[in-house]
Amino acid sequence: MGNAPDHLMASLAEDASYLRPTLFSVYGVDRTGIPFLGWGMQMGENEAYYVQPGSSMTWVSTTAEQVHATLSRFGEARLTWLED
């Protein structure tokens, strides 16, 4: 450990910054009137993760928009992109 070449570490640092996930939130009210709020990360173009506090499940989807579309089937949902 600790023997990685400096140029490799610098390249990985650049990739980590460039490829970083985009944060989002999906929130709303389901058909029974119960509010929900969760956060996710869009990882590149074809991978997204979403979790709601108190839930024992993490959702895996292709995009944040797909998470929003799925949750919209159960009530009113909104997608918000979170910026730095």
Quick one: are L37 and P53 in side-chain contact, heavy atoms under 4.5 Å?
no
For D15, does the CG atom have more than 12 heavy-atom neighbours from other residues, nucleotides or ligands under 6.0 Å away?
yes
Distance-only, no hydrogens or angles: does the H68 side chain make a donor-acceptor pair with backbone N or O of A77 under 3.5 Å?
yes
Donor-acceptor pair, S25 side chain versus G38 backbone, under 3.5 Å?
yes
Indicate, with yes or no, if V60 and V51 share a hydrophobic cluster defined by side-chain heavy-atom contacts under 4.5 Å among Ile, Leu, Val, Met, Phe, Trp and Tyr.
no
Closest non-hydrogen contact found for T63 with E45 is CG2-O, 3.7 Å
Examine distances only and state if a side-chain atom of S11 and a backbone atom of H7 form a donor-acceptor pair shorter than 3.5 Å.
no
Separation between CG of L12 and OG of S17, rounded to the nearest 0.5 Å
12.5 Å
Heavy-atom closest contact (V29 atom, F36 atom, distance):
N-CE2, 3.5 Å
Rounded to the nearest 0.5 Å, how far does CG of L19 lie from CD of E14?
11.0 Å
Run through L23, V26, L82 and flag the one making a side chain to side chain contact (heavy atoms under 4.5 Å, CB included) with W39.
L82
Do W59 and W81 share a hydrophobic cluster (ILVMFWY, side-chain heavy atoms under 4.5 Å, transitive)?
yes
Please say yes or no: joined through hydrophobic side-chain contacts below 4.5 Å, possibly via intermediate residues, are L71 and L79 part of one cluster?
yes
To the nearest 0.5 angstrom, please state how far the CG atom of D30 sits from the CD atom of E76.
11.5 Å
Looking at A64, is its backbone amide N or carbonyl O close enough to the side chain of Q42 to form a donor-acceptor pair, meaning the two atoms are under 3.5 Å apart?
yes
Once the angle between the rings of Y50 and F24 is folded into 0 to 90°, is it parallel (under 30°), tilted (30 to 60°) or perpendicular (over 60°)?
parallel
